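Order of the sequence lines fixes the chain letters, A, B, ..., with proteins taken first and strands second; residue numbering starts at 1 for each chain. The structure presented is a predicted model; accordingly, all values stated were derived computationally and were not measured.
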Protein chains: 2
Amino acid sequence: MTPKAIQVACSNCNLRELCMPVDVTDQDMDKLDSLVATRRKIRRGESLFSNGDRFDALYAIRTGFFKTRVTTEDGRDQVTGFQMAGEIIGLDGIVGDRHSCDAVALEDAEVCEMPYGRIEELSREVPALQTHVHKIMSREIVREHGVMLLLGSMRAEERLAAFLLNLVQRLHARGFSRSELVLRMTREEIGSFLGLKLETVSRTFSKFAEDGLIEVKHRHVRILDIEALRTLVNAPEGR
Amino acid sequence: MTPKAIQVACSNCNLRELCMPVDVTDQDMDKLDSLVATRRKIRRGESLFSNGDRFDALYAIRTGFFKTRVTTEDGRDQVTGFQMAGEIIGLDGIVGDRHSCDAVALEDAEVCEMPYGRIEELSREVPALQTHVHKIMSREIVREHGVMLLLGSMRAEERLAAFLLNLVQRLHARGFSRSELVLRMTREEIGSFLGLKLETVSRTFSKFAEDGLIEVKHRHVRILDIEALRTLVNAPEGR
DNA sequence: CGGACACTTGAATGCTGTCAAAAGGGGTGG
DNA sequence: CCACCCCTTTTGACAGCATTCAAGTGTCCG
C-alpha cells in the first residue's frame, strides 16, 4: 500500500469540496485526479512565486497560510489577500504569462501544483471543471470588490472588525473555532492589507479589548462579542 | 444590403481587437460571430444590471461609459471601476448566478450581450476563446490589485494623479488625445472610486491646476505636465 | 539563551473629512 | 430654442482620525 499515491489523488483529498467542482461523474473524477502534477512544500517566509516569475500553474493550498502582495519599483507595497487551505492562488499570472504579485508563505505550507495548460485542456473536456474555474476567478473578483469597499469607505475600527469577522468565518468553515483564532501575520501585514499603519492596527486591537469585544494576547485573538463587531462593520455612517 | 446585419458581426467590428482574441481562423471567427445575441442600448443614468439581478450574460461595451459599484444594506457604497468601449462587464455574476454589483451608464451607451452559456460552449470548441476569457478575468483581478494598492497606500494627490493617468492612457488607446479628456463622472463618483470625499477631489484638482500640472474646466481636463503627474504617483514616501 | 524582531503606548502633527455657503452649468420642459 | 431650476462644483473654516516619531516591553526563533 502506498499512502502517498492515495494522498495525491484529488478524489481522496479532504479539501476536495473546497477546490473541486461538486458534481462530477466517477469518470470525470479520474481525469481531474490527473490535474495535480506535483506537490510542493514551501517554508515559512519563502515565496511560492514572485512578481515577474513565468506563469505556468495555479496552486491549491493544502496546508499552511499565504499572503499575496503587489509591489512597485518605488517601494510601495500592498498585501492583496491572505489565503488558507482549499484556496487557489496564481490567477494573476494568466493575463500576462508572468505573475504580477508575490505569494509568500506565512507558515510552512504545502500546495498542489496544477499546470495551467492541463487546466485548459481538461476544462474543454469536463464542463463542470470549466464552470468551476470560471467561478473561482469570479469569486476572486467579487472578493476584491469587498476589499475595495473596505479600503474606500471604512474607518480603522470598521476595517479591523471586518477583517477579523472574515478570517474567523473562513477558519470556521474549515473546522476551527468560530470565536478563537491565531493570527499568522504581523500587525504590519494586517495594516498593509487594511490600508493602515501597524500602530493603528495595534491601537485598534487594544481598543476592542478595552471595550470587551475581543481578548488579544499577541497573535491569539478570542472574539467575545461577535455581534458588536458585526454592528461596527455595518455602522450607518461611512467615511 | 443590410448594414445592420453586418454591424452585428464581431468580425466586422472596429472594437474587435479589444474584445476578441487576435489569432483565430476564419472558421472560428464565424463561430465567434454567433456569440453576440443582441445589442442593447442603455440611456444615461440607467443600469445595465443591478445587484441581485440574475446573471446570464457578459456584456462588451460598444459605445458609452459605465461605472460599476457595490452597495451594502446600510447605505455604504463604493465605485469599483469605470468602463469604456471594448471592455467587458458582468464577470461578478458568474460565481453566484446573480450579479453582486450595479453597472450604471454614465452616458448613453450600447453593449453587445453575450449569453454566458454560449460563451462556455464556444470556449470548449475554440481554445483561443477559452484562453481569451481567462485572460479577461485575470486582467480584471490584476486591475483590482492596482486599485487596492491605490486605496491602501496612496494619498489624495497620488490617487487622483494615478486616476487621471490611467484614464487618459485608456482613452489614448482608443484614439483619443493623450493630453485632453472629458470626465464622464461627477466629483462624487471619482471620490467614491478613489476613497475620497468629493470636496477633496475638487480641492486636489484645484491644486493640480495651481501647480500647472493640469487645466480644469469642470469636466474638461487638459494635462499640461504628464511627467509631474507620473512623479507624483511614484513618490518615494507612501502613506 | 540571547538578540533581533514584533508589539504596545504616548504625544504631536497633518491630511482628509465635515459643515456651510455661494457660484456656475447643463439638462429639461415649455 | 430659450429660460429656469437643480445639480454639480468650488472654496473656506474647523474638527477629527490616522500617521509620524519615539521609547519601552515582550517574545519567538535560531
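Distance A:L150 CG to D:dA18 P: 12 Å, rounded to the nearest Å. Distance CD (A:E189) to P (C:dA6): 8 Å, rounded to an integer number of Å. For the pair B:K217 NZ and C:dG25 C1', the computed distance is 12 Å after rounding to whole Å. Spacing between atom CG of A:L160 and atom P of D:dC17 amounts to 16 Å, rounded to whole angstrom units. Rounded to a whole Å, the CZ atom of B:R219 is 18 Å from the P atom of C:dG24. One atom, CG of A:L151, and another, C1' of D:dA18, lie 15 Å apart when rounded to the nearest Å. Atom pair A:L194:CG and D:dT19:C1' shows a separation of 15 Å (rounding to whole Å applied). A:R155 has its CZ atom 9 Å from the C1' atom of D:dG16, to the nearest Å.
A donor-acceptor contact closer than 3.5 angstrom links the side chains of A:H145 and B:E144.
When the nearest nucleotides of DNA chain C are assigned to A:S202 and B:H218 by heavy-atom distance, the more 5′-ward of the two goes with A:S202. Judged by closest nucleotide on DNA chain C, B:A156 is the one of B:A156 and B:R44 placed further toward the 5' end.
Comparing D:dT19, C:dT16, C:dT8 by their nearest atom to the side chain of A:L198 picks out C:dT8. Candidate nucleotides D:dT9, D:dA18, C:dT18 were compared by shortest atom distance to the side chain of B:K197, and C:dT18 ranks first. Side-chain proximity of A:L196 to the nucleotides D:dA18, C:dT8, C:dT16 is greatest for D:dA18. The side chain of A:R187 sits closest to C:dT8 out of C:dT8, D:dA18, C:dT16. The side chain of B:R203 lies closest to D:dA13, out of D:dA18, C:dA6, D:dA13.
At the heavy-atom level, A:T186 lies under 4.0 Å from the strands shown only through sugar-phosphate atoms.
Other residues, nucleotides and ligands contribute over 12 non-hydrogen atoms within 6.0 Å of the CZ atom of A:R219. The local environment of CD in B:E188 is sparse, with at most 12 non-hydrogen atoms from other residues, nucleotides or ligands closer than 6.0 Å.
The base of C:dC19 lies close enough to the side chain of B:E199 for a donor and an acceptor atom to sit less than 3.5 Å apart.
A salt bridge is defined here as a Lys NZ or Arg NE, NH1 or NH2 lying under 4.0 Å from an Asp or Glu carboxylate O, and A:K207 with A:E210 fails to meet this definition.
Looking only at side-chain heavy atoms (C-beta outward), A:L183 and A:F205 come within less than 4.5 Å of each other.
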